There are 2 protein chains.
Amino acid sequence: MGASKTAHFTQKQNEIAALMKALGHPARVAIIDYLLTVDTCICGDIVNELPLAQPTVSQHLKELKNAGLIKGSIEGNAICYCIDEETFSKFQNFLSEVFGKIKVQKNNCC
Amino acid sequence: MGASKTAHFTQKQNEIAALMKALGHPARVAIIDYLLTVDTCICGDIVNELPLAQPTVSQHLKELKNAGLIKGSIEGNAICYCIDEETFSKFQNFLSEVFGKIKVQKNNCC
DNA sequence: TTTTAATATTGCAATATTACGATAAAGATT
DNA sequence: AATCTTTATCGTAATATTGCAATATTAAAA
C-alpha cells in the first residue's frame, strides 16, 4: 500500500508520529540544527547551508512548517524562518512522559 | 529519487533522523506506548493489540529493533519484546540539547 | 511424529518520499 | 519597465514505505 492507517490509532499517536516523521530526515534535522546555532531567525540563508538543491530545501522547509516545527514570515523578497517553540514544547512534553514511564520500569527481562 | 543523501550530513544528524524516522509511524508509536503501559516485557501479545495484520506488525517490530528502540529475546516459541533504555537515553540526551538551545533563544522575530 | 502456535520472510501492489531541472511568482534594484 | 534575487511550485524519475496474503520457520504440545 504505502499509506498509513492513521484512522486506527489515537490522535496523540498520530500527532507524535507526524512530528517524528518530520524530523525523520537528516536534511530536516540539519535545518533545525542550523536554526539553533544561529540563535535567531534566518532570512534567506538556509539553502546555502545545505548540500541540496534549492527546490529540495524548499520542500523540506515546507514539511517542517506543515508539522509546525518552524515558522516563516515574509521579509521583503526573502523569508525569515525560526523554530516554533510551542510545537517543540508539545513534543518535549510527550517525550518527558515516555521517558518518565521508562524509568519506572524495573522488572526488565530482556 | 527517493533515497536520502545521508553522506552529506553529520553522523549525529543521520543517527537522530534514523531514530525519529523509526518513530515516525503511528503503529510504531503505538507499540512503544503499549510496551510502556504493560510496564514489563511482552511475550507474544503485540499483534492482538494493533489493528494490523501479523506480517505488518512483524515488519514494524523489525524496524524498531533495527533502530535499537526495542529489544527482543526468544522465549520458547514466543518472543519477548521490551524497550531498549540505552537508545532512548541517547535520544533523550539529544533532545535535551535541542530544547536547551531553544530556551536560550530570546531574540525571536517571527 | 504430527499438529498447533507464534513469529519471520517473501512477493507484490499501492502509495509516499526524495531530489532536481524547469519554471513561476513577487518583491527589490537598477 | 527591465532585471535581479529569493522562494515556491510543477513535473518527473528513482527509490522507499506500507500493508497483506501466502508461505516458511521454529518450538511447544498432543
Side-chain angles (χ1 to χ4, degrees), chain A residues 1-9 13-14 17-31 34-35 41-67 69-82 110, chain B residues 1-9 13-14 17-31 34-35 41-67 69-82 110:
Chain A
M1 299 241 166
S4 300
K5 290 183 136 189
T6 54
H8 297 155
F9 300 98
Q13 286 166 345
N14 285 316
L19 287 174
M20 294 283 187
K21 194 175 181 181
L23 289 173
H25 190 290
R28 295 194 289 269
V29 172
I31 289 170
Y34 183 57
L35 286 176
C41 296
I42 279 303
C43 305
D45 204 13
I46 296 180
V47 170
N48 301 324
E49 285 295 318
L50 294 182
L52 295 170
Q54 179 269 323
T56 310
V57 174
S58 185
Q59 202 171 285
H60 283 306
L61 287 167
K62 191 179 178 184
E63 272 175 75
L64 286 171
K65 208 171 165 186
N66 284 343
L69 289 163
I70 64 174
K71 288 184 287 189
S73 57
I74 298 167
E75 201 80 17
N77 67 339
I79 293 193
C80 279
Y81 281 110
C82 65
C110 302
Chain B
M1 301 247 168
S4 300
K5 289 183 138 188
T6 53
H8 298 154
F9 300 98
Q13 285 166 346
N14 284 317
L19 286 174
M20 293 284 188
K21 193 176 181 181
L23 288 173
H25 190 290
R28 296 194 288 268
V29 172
I31 289 170
Y34 183 56
L35 286 175
C41 296
I42 279 303
C43 305
D45 205 14
I46 296 181
V47 171
N48 301 324
E49 283 296 318
L50 294 182
L52 295 170
Q54 180 268 323
T56 308
V57 175
S58 184
Q59 201 171 286
H60 284 305
L61 287 167
K62 192 179 178 183
E63 273 175 75
L64 286 171
K65 209 171 164 186
N66 284 342
L69 289 164
I70 64 174
K71 287 184 286 188
S73 56
I74 299 166
E75 201 81 17
N77 65 341
I79 292 194
C80 279
Y81 281 110
C82 64
C110 303

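Order of the sequence lines fixes the chain letters, A, B, ..., with proteins taken first and strands second; residue numbering starts at 1 for each chain. Below, each value reflects all heavy atoms present in this structure, side chains not excepted, and no hydrogens, waters or symmetry copies. From a predicted model like this one, the values you see are computed outputs, not experimental measurements.
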### Query
Between A:Ile31, A:Ile46, A:Leu64, which is the residue that forms a side-chain contact (heavy atoms from CB on, under 4.5 Å) with A:Tyr81?
A:Ile46
What pairs of nitrogen or oxygen atoms, one from the protein and one from nucleotides 19-21 of chain D, lie under 3.5 Å apart?
residue: D:dG19; atom: OP1; partner: A:Lys5; partner atom: N; Å: 2.7
residue: D:dG19; atom: OP2; partner: B:His25; partner atom: NE2; Å: 3.1
residue: D:dG19; atom: OP2; partner: B:His60; partner atom: NE2; Å: 2.9
residue: D:dC20; atom: OP1; partner: A:Lys5; partner atom: NZ; Å: 2.7
residue: D:dC20; atom: OP2; partner: B:Ala53; partner atom: N; Å: 2.9
residue: D:dC20; atom: OP2; partner: B:Thr56; partner atom: OG1; Å: 3.2

### Task
Return the value, rounded to whole Å, for the distance between atom NZ of A:Lys62 and atom C1' of D:dT9.
7 Å
### Query
Going by heavy atoms in the side chains, are B:Phe9 and A:Pro51 under 4.5 Å from each other?
yes
### Summary
Of B:Ile74 and A:Ile46, the one whose nearest nucleotide on DNA chain D sits closer to the 5' end is A:Ile46
### Task
Measure the shortest side-chain to side-chain distance between A:Val29 and B:Asn14 over non-hydrogen atoms and say whether it is less than 4.5 angstrom.
no
#### Entry: Between D:dA8 (C1') and A:Leu61 (CG): distance, integer Å
11 Å
### Message
Taking the nucleotide of DNA chain D with the nearest heavy atom to each, does B:Arg28 or A:Ser58 sit closer to the 5' end?
### Response
A:Ser58
### Task
Check whether the side chain of A:Asn77 and the base of D:dT5 form a donor-acceptor pair under 3.5 Å.
yes
### Message
Testing the basics here: between B:Lys65 and B:Gly72, what is the closest heavy-atom pair and its distance to 0.1 Å?
### Response
CE-N, 4.1 Å
### Message
Whole angstroms only, please: what is the CD1-P distance between A:Ile79 and C:dG27?
### Response
11 Å
### Query
For the pair made of CD in B:Glu75 and P in C:dA8, what is the distance, rounded to whole Å?
14 Å
### Message
Is the shortest side-chain heavy-atom distance between A:His60 and A:Leu52 below 4.5 Å?
### Response
yes
### Phosphate-side-chain proximity, A:Lys21 and C:dT17, N/O vs OP1/OP2 below 4.0 Å
yes
### Interatomic distance where CG belongs to A:Asp45 and C1' belongs to D:dT5 [whole Å]
14 Å
### Task
Report which part of the nucleic acid B:Lys65 touches: base, sugar-phosphate, or nothing (heavy-atom distance under 4.0 Å, all strands).
nothing
### Task
Report the distance from atom SG of B:Cys80 to atom CD1 of B:Ile70, rounding to the nearest 0.5 Å.
11.5 Å
### Query
Under a 4.5 Å cut-off applied to non-hydrogen side-chain atoms, are B:Lys21 and A:Lys21 in contact?
no
### Task
Figure out the CG/P separation between B:Asn14 and C:dT18, and round it to whole Å.
13 Å
### Task
Specify the separation, in whole Å, of atom OH of B:Tyr81 and atom C1' of C:dT7.
7 Å
### Query
Whole-Å distance between D:dT6 P and A:Leu50 CG?
16 Å
